[in-house]
Amino acid sequence: MGYIDPHIHMISRTTDDYERLALAGCVALTEPAFWAGFDRSSAQGFYDYFRCLTEFEPKRASQYGIDHYTWLCINPKEADDLGLAREVLQIIPEFLSSPNVLGIGEIGLNKNTKNELLIFEEHLELASKHNQPILVHTPHLEDKKKGTRLILDAIQAHNIPPHRVLIDHVEEHTVEMVLEKGFWAGMTLYPETKCTPQRAVDILEMYGKERLCMNSAGDWGPSDPLAVPKAILEMRRRGHSKMDIQKVTLQNPLAFLGQSPHFQTEKILEESAE
Amino acid sequence: MQKKFTCPLDRESVLNLYFLEHRSKLLDIAAFLDRVDRAQPNEKEDERLKIFYQALEILRTKKEGRAKAILNLFSDPTQNPIPTAPSKGACGVYLPPQKED
Ligand SMILES: [Zn+2]
């Protein structure tokens, strides 16, 4: 049975990881634009990054039979520089017609500053103008709850339908407000700072399997690209049904991602059944 | 929203699966606190440690929703966006900004 990893930063991973993902059953993944671990010095740096996400990574993934999709934005960690952020916002539309671009993401907040919120809202306007789905990063650790609230309020104020938005990195204290308002929710399986596979499965047991997805967010920090198959194993160990596992790791991502006309739902369904 | 008995396993099976792992995690916490005590104290007690002990109190007294309650304890309770951030990172618990004397 195949699965989808809806949030993984393959630019930070080696080609060996594509092989390991394929062996574990990953048929498609989506890679949101994010912070490189240091601030880029110009919009040109982002232009090159977007080329990597739309040209190079899909090729690397296809060698292992994995469909690669992406989301574009300037991430909240660099959005505090308004001048740079607005320059990057201007170059995004030229990439939106690339066949593997699904929408705008991962936008959101980091330290919940006024500038971050301003640029988040400008991304929402861009997404609305071009009718793009949205992938949202919620802040880390002590900043998550406040940031999630500010994010949900801003999206509602911009009249964006919640089913077009996935709010990522939810944990026990934020999942309820996200689902209650009709958004999709993503649980990021990190060894230390977000959700472990065990806690993610606990959340599924407490809040149900509607509109919930799981991802590895594998990146350049301590993270595990095989975190989703590990969560699948965790569900199996507890006796969850094959159908429930498939719902969370394949059907739910298909339903959310399939809102983009670029996402090839039928092809991925076929591949996942092989 | 939360229903009772949503885990497909019975309690004995949960303990069979997870007891040893969490026994070990509990000892890690105990040894970590011993390690802190064996270290030279600083001028001011670290706020993170105070909040850590409050979290342990939640484990001891609260009956359900413990993970959520601890995450809430660690969270920034303020409502409005801040003018600027002192750094890009987060330390794991909310520490109110220091007032300048
Ligand atoms: Zn990410």
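Within every chain, numbering begins at 1; the chains are lettered A, B, ... in the order of the sequence lines, protein sequences first and strands thereafter. What's counted below: heavy atoms across the whole structure, side chains too, no hydrogens, waters or symmetry copies. Keep in mind that what you see is a predicted model, and the values were worked out from it rather than measured.
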Rounded to the nearest 0.5 Å, what's the gap from [atom1] on [X] to [atom2] on [Y]? Could you check?
X	Y	atom1	atom2	value
A/His173	B/Leu71	NE2	CG	4.5 Å
B/Thr6	A/Asp202	OG1	CG	8.5 Å
B/Ser75	A/Asp143	OG	CG	8.5 Å
B/Asn80	A/Asn112	CG	CG	10.5 Å

With distance as the sole test, does A/Glu142 use its side chain to make a donor-acceptor pair with the main-chain N or O of B/Cys91 at under 3.5 Å?
-> yes
Atom group of A/Arg237 that falls short of 4.5 Å from chain B, counting heavy atoms | both
Please flag which part of A/Arg238 lies under 4.5 Å from any non-hydrogen atom of chain B: side chain, backbone, both or neither.
->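 It is both, since atoms from each part get that close.
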Answer yes if the side chains of B/Asn72 and A/Lys145 hold a donor-acceptor pair under 3.5 Å, and no otherwise.
-> yes
Pair A/Asp39 + B/Lys88: basic N to acidic O under 4.0 Å = yes
Could you tell me whether A/Glu171 and B/Lys68 have a side-chain N and a carboxylate O separated by less than 4.0 Å?
-> no
Less than 4.5 Å apart, side chain to side chain, heavy atoms only: is that true for [X] and [Y]?
X	Y	result
A/Gln198	B/His22	yes
A/Leu117	B/Pro81	yes
A/Lys146	B/Ile82	yes

Take atom [atom1] in [X]; do more than 12 heavy atoms of anything else shown fall under 6.0 Å from it?
X	atom1	result
B/Phe19	CZ	no
A/Lys181	NZ	no
B/Glu21	CD	yes

What residue in B/Pro86, B/Ser13, B/Ala69, B/Gly89 has the most heavy-atom pairs under 4.5 Å with chain A?
->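 The answer is B/Gly89.
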If you count heavy-atom pairs under 4.5 Å with chain B, which of A/His140, A/Lys144, A/Glu116, A/His240 comes out on top?
-> A/His240
Top contributor to chain B contacts, counting heavy-atom pairs under 4.5 Å, from A/Leu141, A/Val201, A/Asp80, A/Thr113 =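 Maximum pair count with chain B is reached by A/Thr113.
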Which atoms form the tightest heavy-atom contact between B/Ala85 and A/Lys111, and what is the distance?
->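 B/Ala85 and A/Lys111 have their closest heavy atoms at CB-CB, 3.5 Å.
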Toward chain A, the part of B/Phe74 with a non-hydrogen atom under 4.5 Å = backbone
Which bit of B/Ser87 is near chain A, if near means a heavy-atom gap under 4.5 Å: side chain, backbone, both or neither?
->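 The answer is the backbone of B/Ser87.
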